[in-house]
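Everything below concerns the one structure shown next.
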Protein chains: 2
Amino acid sequence: MTLVTIKQASEATGVSPKMIRHYESIGLIKAPTRTENGYRYYSPEDISGLCFIRRARDLGFPFEDIRQLLALLRDKRRSSAEVKQIALRHVAELEAKAAQLAAMGEALKRLTTACPGNSSPHCPILDALDPPQLGKLWCNS
Amino acid sequence: MTLVTIKQASEATGVSPKMIRHYESIGLIKAPTRTENGYRYYSPEDISGLCFIRRARDLGFPFEDIRQLLALLRDKRRSSAEVKQIALRHVAELEAKAAQLAAMGEALKRLTTACPGNSSPHCPILDALDPPQLGKLWCNS
DNA sequence: TCTTGACCTTCCCATCATGTCAACCCCATA
DNA sequence: TATGGGGTTGACATGATGGGAAGGTCAAGA
């Protein structure tokens with residue numbers, strides 16, 4: 001049994017000690033064994049679990065998804081369809097967010113190309129943000 | 001003087017009353033006039049300011065950028081270069097974030113196509129998240 | 001005139017994932 | 001034994017937004 005401290009577990013997994021404790025507090029990982037002085041000591045299985053979480057987080061999965069994925073990982077009678085469903089939903093979310101950000105970037109980039117970027121105060125970017133809609137008191141989108 | 005309540009200002013600008021008060025509390029907009037009973041009443045200029053903020057937020061600008069953009073909007077001796085610089089920096093951030101999310105989506109999508117998605121427990125997605133690295137206690141990547 | 005419902009006010013708490021900071025305890029080594 | 005580098009808990013912050021409670025105010029209908 002190679003038990004390691006939280007610092008060593010952090011270095012082995014790339015998850016900060018703060019986050020390891022946080023995962024424990026929200027029930028994402030089980031509480032590790034403690035020695036008399038109260039120190040947490042992590043087993044190889046604990047390390048594997050932390051690695052799993054870190055990889056899932058690197059793929060952008062939220063904690064709730066990770067919780068379900070961990071449950072499926074442990075459930076040997078799972079169906080891969082369940083896993084795939086979670087993953088596909090997340091892929092759709094990632095693509096939607098990416099597309100939204102890309103669209104913002106596109107729109108703003110168009111404005112910047114129209115902006116001279118010199119010492120003159122005239123700026124199409126500000127014009128677009130503050131159109132002189134005289135008399136109209138509502139935002140037309 | 002067409003003064004309107006916070007609800008009407010919200011409907012005119014698409015900014016929730018909650019957020020309007022929040023913008024005031026963090027100094028993003030100036031405090032509007034109040035009547036004896038303490039109710040906020042917004043002028044057409046206030047409405048314009050809120051529209052500006054909403055459009056900037058629709059482009060993903062953080063509050064700090066919006067603060068600077070509002071200052072430049074009011075400064076008639078501004079140079080368009082200052083505005084453009086803020087916008088270009090934000091474009092770069094948007095593109096970077098979009099690319100990051102897209103990369104996550106790509107990686108996960110590749111895994112999902114390899115997953116049968118049937119009743120079998122075997123799943124390449126879980127395999128990728130939990131590689132059987134026997135004996136190795138660290139996360140390789 | 002009284003009630004009712006819609007609106008206003010302030011203040012606190014929650015999200016999501018992560019970091020910082022402080023106060024304090026424990027242990028090994030120079 | 002002093003020092004440094006761990007460990008522990010807890011509180012607070014981010015950024016942008018939402019929810020809700022507790023209480024004051026206003027306008028319209030009975």
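We use all heavy atoms of the structure for the numbers below, so side chains are in, but hydrogens, waters and symmetry mates are not.
- Across the protein-nucleic acid pair, A:Leu28 atom CG and C:dC16 atom P stand 13 Å apart, rounded to whole Å.
- A:Arg40 places no side-chain N or O within donor-acceptor distance of the main-chain N or O of A:Pro32, the cut-off being under 3.5 Å.
- D:dA16 atom P lies 13 Å from atom CG of B:Asp58, rounded to whole Å.
- Between B:Glu36 and B:Glu64, it is B:Glu64 whose nearest contact on DNA chain D lies nearer the 5' terminus.
- Remark: P of D:dG19 and NE2 of B:His22 are 15 Å apart, rounded to the nearest angstrom.
- One finds no side-chain N or O of A:Thr5 lying less than 4.0 angstrom from the OP1 or OP2 phosphate oxygen of D:dG6.
- Salt-bridge formation is detected for the pair B:Asp46/B:Lys30: a Lys NZ or Arg NE/NH1/NH2 atom is positioned less than 4.0 Å from an Asp or Glu carboxylate oxygen.
- Checking A:Ser80 against B:Asn118 by side-chain atom types alone, a donor-acceptor pair falls below 3.5 Å.
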Please enumerate all protein N or O atoms sitting under 3.5 Å from an N or O of nucleotides 9-15 of chain C, with distances to 0.1 Å.
residue: C:dT9; atom: OP1; partner: B:Arg40; partner atom: N; Å: 2.9
residue: C:dT9; atom: OP1; partner: B:Arg40; partner atom: NH1; Å: 2.9
residue: C:dT9; atom: OP2; partner: B:Arg21; partner atom: NE; Å: 3.0
residue: C:dT9; atom: OP2; partner: B:Arg21; partner atom: NH2; Å: 2.7
residue: C:dT9; atom: O5'; partner: B:Arg40; partner atom: NH1; Å: 3.4
residue: C:dT9; atom: O3'; partner: B:Arg34; partner atom: NH1; Å: 3.4
residue: C:dT10; atom: OP1; partner: B:Arg34; partner atom: NH1; Å: 3.3
residue: C:dT10; atom: OP1; partner: B:Arg34; partner atom: NH2; Å: 3.2
residue: C:dT10; atom: OP2; partner: B:Arg40; partner atom: NH1; Å: 2.9
residue: C:dT10; atom: OP2; partner: B:Arg40; partner atom: NH2; Å: 2.9
residue: C:dC11; atom: N4; partner: B:Lys18; partner atom: NZ; Å: 3.4

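- Distances shown here put a side-chain N or O of A:Ser16 below 4.0 Å from the OP1 or OP2 atom of C:dG19.
- A:Pro17 comes within 4.0 angstrom of no nucleic acid atom, judged by non-hydrogen atoms across all strands.
- Taking atom CD1 of B:Ile20 as the reference point, atom P of D:dG18 lies 11 Å away to the nearest angstrom.
- With rounding to whole Å, A:Gln8 atom CD is found 14 Å from C:dC27 atom C1'.
- Taking the charged nitrogens against the carboxylate oxygens, B:Lys97 and B:Glu93 have no contact shorter than 4.0 Å, which rules out a salt bridge.
- Rounded to a whole Å, the NZ atom of B:Lys7 is 18 Å from the P atom of D:dC26.
- As rounded to whole Å, 11 Å separates atom C1' of D:dG15 from atom CD1 of B:Ile66.
- Distance, A:Arg57 CZ to C:dG19 P: 11 Å, rounded to whole Å.
- For residues 106-128 of chain B, the salt bridge (Lys or Arg N to Asp or Glu O under 4.0 Å) pairs, not counting sequence neighbours, are A:Glu95-B:Lys109.
- Ring geometry for B:Phe63 versus B:His22: interplanar angle of 30 to 60°, hence tilted.
- Residue A:Pro62 places its side chain closer to C:dA17 than to any other of D:dT17, C:dA17, C:dC8.
- Of the N and O atoms on the side chains of A:Ser48 and A:Glu45, not one donor lies less than 3.5 Å from an acceptor on the other residue.
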